[in-house]
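I have placed the structure first, in the form of structure tokens, so that the comments after it can refer back to it.
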Amino acid sequence: MLRKITFGVIWLGFIAYAFLFAPPEQPGTFELIKNLSIGQWQGINPLVIALFNIMGIWPLVYSAVIFIDGRGQKIPAWLFATTSFAVGAFALLPYLGLREPNQQFIGKKNTFLKLLDSRVTGFILTLASVLLVAFGLQGGDWGNFVQQWQTNRFIHVMSLDFCLLCLLFPTLLGDDMVRRDWKNQQLFWLIALIPLFGPLIYLCVRPPLAEAIAEAIPSQRQPTTN
């Protein structure tokens, strides 16, 4: 119950901050989002471009864990994971609060889960993230980014969303490691304490998820007569 309350408070606090205390919305925000989405990046700070695209990678990172975790949950994990592509942590926080601890995977992996569970997926996401970070750091203007962070609600909240996604991943990490029979506290904290690339490296090196079929309870045997 304490866990549910904690995540509920964080969720409501994030919503309240985003709409009541963050910098005001700027007139050109919709145009900025449109240009970022369709690749018209002329005149946009590379740091903003990199951050925006990384916020599209984060939901894939979470999906690689949530869709598997959701196999044993009463709530539809796919709904929260899919919505997170649009609103990030705003969608994931309710799932983290409502889910129950789940350290088993029962059943068979379908094609979609096999894709999410594949280390190849982790390598592709890691490579994309490295290229985006390098792009942002090489040509980015930090002074301009800080100024936009202080005055633009979209960039301000997006930045906080990134930080929150970094902090929340360990809440799913422990159960995912146990499902793979990979119990290593040092590795857990190494992954948890490295923003973005810790979870990405985890997707690249985690053991494949073993499939287990739930066994039906055998019916009571009747005594045989000779």
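Nothing fancy with the numbering, it's 1 onward along the sequence. Keep in mind that what you see is a predicted model, and the values were worked out from it rather than measured.
- A distance of 4.0 Å separates CG in L115 from OG1 in T121, rounded to the nearest 0.5 Å.
- In this structure, the separation between OH on Y95 and OG1 on T83 is 13.0 Å, given to the nearest 0.5 Å.
- Of the possible donor and acceptor atoms, one in the side chain of Q73 sits under 3.5 Å from a partner among the backbone N and O of E100.
- Under the 4.5 Å side-chain heavy-atom criterion for grouping Ile, Leu, Val, Met, Phe, Trp and Tyr, F197 is connected to V205 within one hydrophobic cluster.
- Judged by distance alone, with hydrogens and angles left aside, the side-chain atoms of R71 form no donor-acceptor pair with the main-chain N or O of K109 at under 3.5 Å.
- In terms of hydrophobic clustering, with Ile, Leu, Val, Met, Phe, Trp and Tyr side chains grouped at heavy-atom distances under 4.5 Å, I33 and F90 are assigned to a common cluster.
- Salt-bridge check for R180 with D117: passed, with a basic side-chain N closer than 4.0 Å to an acidic carboxylate O.
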side-chain contact (heavy atoms from CB on, under 4.5 Å) between L164 and L93, intermediate numbers included: CA-CA 10 Å; L164 196 53; L93 277 166; 3.9 Å; yes
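- A salt bridge links R99 and D175; the closest N-O separation between the charged side-chain nitrogens and carboxylate oxygens is under 4.0 Å.
- Between the CG atom in L165 and the CG atom in D161 there is a gap of 4.5 Å [rounded to 0.5 Å].
- For W58 and Y62, the gap between ring centers is short of 6.0 Å.
- By the rule that hydrophobic residues join a cluster once side-chain heavy atoms approach within less than 4.5 Å of another member, V9 and L98 end up as members of separate clusters.
- We find the CD-CG distance between Q138 and L47 to be 11.5 Å, quoted to the nearest 0.5 Å.
- Residues F21 and H156 keep their aromatic ring centres 6.0 Å or farther apart.
- Using a 4.5 Å heavy-atom threshold, the side chains of L203 and L116 count as separate.
- Residues I75 and L168 share a hydrophobic cluster, clusters being chains of Ile/Leu/Val/Met/Phe/Trp/Tyr side chains in contact below 4.5 Å.
- The distance from the CD atom of Q26 to the CZ atom of R153 is 9.5 Å, given to the nearest 0.5 Å.
- Side chain of N53 to backbone of I49: a donor-acceptor contact under 3.5 angstrom is found.
- Under a hydrophobic clustering in which Ile, Leu, Val, Met, Phe, Trp and Tyr are joined whenever their side-chain heavy atoms come within less than 4.5 Å, directly or via other members, L36 and L131 fall into different clusters.
- Within 6.0 Å of OH in Y17 there are more than 12 heavy atoms belonging to other residues, nucleotides or ligands.
- Once rounded to the nearest 0.5 Å, the distance linking CD1 of I66 with CG of L92 reads 4.5 Å.
- Of the possible polar contacts, none joining the R206 side chain to the I201 backbone as a donor-acceptor pair under 3.5 Å is found.
- Proximity of a side-chain donor or acceptor of T29 to a complementary backbone N or O of E25 within less than 3.5 Å is not detected.
- Not one N or O on the side chain of S118 forms a donor-acceptor pair closer than 3.5 Å with the backbone of K114.
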Show me the donor-acceptor pairs, under 3.5 Å and distance only, between side chains in residues 184-196 and residues at least two apart or in other chains.
| residue | atom | partner | partner atom | Å |
| --- | --- | --- | --- | --- |
| N184 | OD1 | Q186 | N | 3.1 |
| N184 | OD1 | L187 | N | 2.9 |

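- Within the 4.5 Å cutoff, the side chain of N35 has no heavy atoms near those of the W41 side chain.
- Panel note: side chain N102, backbone D69; a donor-acceptor pair is recorded below 3.5 Å.
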